[in-house]
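Sequence lines set the chain letters: A, B, ... in the order given, protein chains first and strands last, and positions in each chain run from 1. Only a predicted model underlies this, so the values are computations on that prediction, with no experimental measurement involved.
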Amino acid sequence: MNEKDSESYIDICPPTEFDFSECLVFLGRSEHEVLHQVRDGCLYKLVNINDEMILLKIRSSLGSILVELPMGPSSESARVEVVSYIREWFDLDQNLNNFYNAVSQDMVLGQLVHKYYGLRMICIPDLFEALTWAIMGQQINLTFAYTLKKRFTEHFGECLSFKGETHWLYPTHEKIAALDVEDLRKLQFTVRKAEYIIGIAKAMAHGEINKQLLLQKQDYEKIKQSLMDIRGIGAWTADYVMMKCLHHSGAFPLADVGLHNALKIQMGLDRKPTIEEIKEMAAHWEGWQAYATFYLWRSLYE
DNA sequence: ATCCAGGAACTGT
DNA sequence: ACAGTTCATGGA
């Protein structure tokens with residue numbers, strides 16, 4: 001490539017324990033996903049960098065992560081932001097060796113970490129998205145949750161068309177804070193979920209909740225409690241957000257149905273394990289419960 | 001038709 | 001603190 005073209009590419013060197021194709025399996029798990037696309041080994045994602053929409057085309061190349069900017073070159077500052085976005089999205093600043101060492105002798109996970117070696121947490125860097133996506137998924141099947149997310153995004157998010165494909169940005173909390181419950185009811189959100197989501201949007205618009213504020217607190221329980229103080233966020237959602245957005249590898253959504261099903265299958269049980277049984281199994285996962293959960297979710301997709 | 005889904009708030013004890 | 005009830009809708 002010549003020098004001008006090189007400004008349209010960004011090369012990211014991943015840590016040793018990283019397998020892009022494993023991550024793609026997880027990213028491609030739903031047909032109804034609107035916030036990214038997987039096609040021919042490439043991952044397409046529209047991001048908002050300094051209020052500018054930038055389309056990313058991401059693939060693996062010679063052991064590194066190659067990010068192409070199909071719309072053309074971007075400023076140096078935007079490129080720096082793109083790199084930090086990708087590092088966060090794929091949780092690249094986590095030392096997975098510590099996880100692998102911790103669970104190598106584990107009955108269930110010992111197999112899975114070998115099978116899915118290099119899989120990293122696929123994160124949700126945007127706090128508003130992480131919180132509200134978790135709420136959409138509460139107590140309904142995943143397929144319908146994706147339908148809700150798609151409607152929500154296509155009604156209130158921004159989009160950009162490029163080469164015949166439409167790419168979407170998740171709605172901002174500013175936009176949602178101005179809605180009424182009735183606006184979301186039309187999209188088949190329940191009254192309660194509509195209230196939760198708009199309430200969170202307003203709290204974020206008022207600056208009562210933000211990612212920096214949460215990340216400042218060091219104590220795990222304090223962060224979790226401040227999340228649970230928000231209406232609509234219980235223990236499951238708080239842990240989900242801590243694992244998918246705040247990068248806490250020790251977060252553990254114990255009540256998660258997907259976790260229960262995966263354990264049932266992996267352990268060959270004829271029923272789902274109880275919470276107490278899960279706590280026992282998880283005794284060896286200390287500090288890595290989020291990754292253990294994520295690898296177990298991954299095991300449900302094949 | 002019937003069960004239940006990547007739960008949480010509310011209510012009564 | 002703890003257990004039971006309500007919400008509320010689509011997928012399998």
Side-chain angles (χ1 to χ4, degrees), chain A residues 25-35 108 112 116 119 121-124 127 129-152 155 170 181-203 209 221 224-246 248-249 251-266 269-279 281-282 285 289-302:
Chain A
V25 172
F26 189 85
L27 285 158
R29 71 195 183 285
S30 175
E31 308 285 321
H32 307 289
E33 180 61 66
V34 271
L35 298 178
V108 180
L112 296 184
Y116 308 133
L119 172 65
M121 182 79 61
I122 305 302
C123 294
I124 304 175
L127 178 63
E129 181 188 337
L131 287 166
T132 51
W133 166 236
I135 287 169
M136 288 178 206
Q138 287 171 2
Q139 194 57 17
I140 57 172
N141 64 75
L142 260 181
T143 308
F144 185 51
Y146 275 104
T147 301
L148 288 177
K149 180 166 86 164
K150 188 169 158 70
R151 286 179 191 156
F152 185 68
H155 274 80
Y170 198 72
V181 166
E182 199 42 45
D183 296 320
L184 293 182
R185 278 292 297 154
K186 288 174 195 156
L187 310 187
Q188 284 178 290
F189 285 69
T190 62
V191 170
R192 213 169 278 178
K193 284 186 181 180
E195 288 172 352
Y196 295 165
I197 288 168
I198 293 169
I200 286 171
K202 286 182 173 164
I209 313 165
E221 288 302 329
K224 185 168 171 178
Q225 191 53 55
S226 56
L227 284 170
M228 289 175 62
D229 289 342
I230 305 165
R231 184 160 178 265
I233 301 187
W236 177 84
T237 305
D239 279 314
Y240 180 86
V241 169
M242 291 181 77
M243 73 184 266
K244 296 277 282 187
C245 181
L246 302 178
H248 279 261
S249 58
F252 195 18
L254 253 178
D256 185 78
V257 177
L259 173 70
H260 301 175
N261 286 332
L263 282 171
K264 175 188 169 189
I265 294 167
Q266 294 302 316
L269 306 175
D270 55 359
R271 55 167 177 80
K272 289 195 271 191
T274 65
I275 295 293
E276 284 308 314
E277 286 169 334
I278 295 172
K279 283 183 180 170
M281 296 180 217
W285 310 346
Q289 294 93 329
Y291 262 88
T293 301
F294 196 68
Y295 271 60
L296 283 159
W297 284 348
R298 168 66 181 83
S299 74
L300 293 169
Y301 291 105
E302 59 179 17

Quiz item: Salt bridge check: are A/R271 and A/E277 linked by an N-O gap of less than 4.0 Å?
Solution: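 Salt bridge between A/R271 and A/E277, a charged N being under 4.0 Å from a carboxylate O: yes.
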
Self-check item: Test: A/E276 and A/K279 ion pair at under 4.0 Å
Solution: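 So A/E276 pairs with A/K279 through a salt bridge.
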
Give every pair of a protein N or O atom and an N or O atom of nucleotides 3-5 of chain C that lie under 3.5 Å apart, one pair per line with the distance.
none

Quiz item: Roughly how far, to the nearest 0.5 Å, is the CG atom of A/N261 from the CD atom of A/Q266?
Solution: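 A/Q266 atom CD to A/N261 atom CG measures 11.5 Å (nearest 0.5 Å).
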
Practice problem: Supply the atom-to-atom distance A/K149 NZ to A/S30 OG, rounded to the nearest 0.5 angstrom. | Solution: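 With rounding to 0.5 Å, NZ (A/K149) is 8.0 Å from OG (A/S30).
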
Using the [atom1] atom on both, measure [N] against [M] and round to a whole Å.
| N | M | atom1 | value |
| --- | --- | --- | --- |
| C/dC7 | B/dC4 | C1' | 14 Å |
| B/dT2 | C/dA8 | C1' | 16 Å |
| B/dA1 | C/dG10 | C1' | 14 Å |

Practice problem: Sort out for me which residue in A/L254, A/V241, A/D256 forms a side-chain contact (heavy atoms from CB on, under 4.5 Å) with A/W236. | Solution: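 Of A/L254, A/V241, A/D256, side-chain contact (heavy atoms from CB on, under 4.5 Å) with A/W236 is met by A/D256 alone.
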
Self-check item: is_close_aromatic(A/W133, A/Y146), centroid dist under 6.0 Å
Solution: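 For A/W133 and A/Y146, the ring centres are under 6.0 Å apart.
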
Quiz item: What one-letter contact string describes nucleotides 3-13 of chain B from 5' to 3', where B marks a base within less than 4.0 Å of any protein heavy atom, S marks contact via sugar-phosphate atoms alone, and - marks no contact?
Solution: --BBBBSS---

Self-check item: Residues A/T132 and A/Y170: side-chain donor-acceptor under 3.5 angstrom
Solution: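 Yes, A/Y170 and A/T132 have a side-chain donor paired with an acceptor closer than 3.5 Å.
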
Quiz prompt | Interatomic distance where CG belongs to A/L148 and C1' belongs to C/dA8 [whole Å] | solution =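 Going from CG in A/L148 over to C1' in C/dA8 covers 11 Å.
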
Quiz prompt | Rounded distance in Å - CZ (A/F189) to C1' (C/dT9) | solution =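 About 12 Å, once rounded to whole Å.
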
Quiz item: Are A/R29 and A/F26 in a cation-pi contact, defined as NZ or CZ under 6.0 Å from the six-membered ring centre and within 45° of the axis?
Solution: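 The answer is yes, since A/R29 meets both limits relative to A/F26.
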
Exercise. Would you kindly compare A/T147 and A/V191 by the position of their nearest DNA chain C nucleotide and give the one closer to the 5′ end?
Key: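 Nearer the 5' end of the strand: A/V191.
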
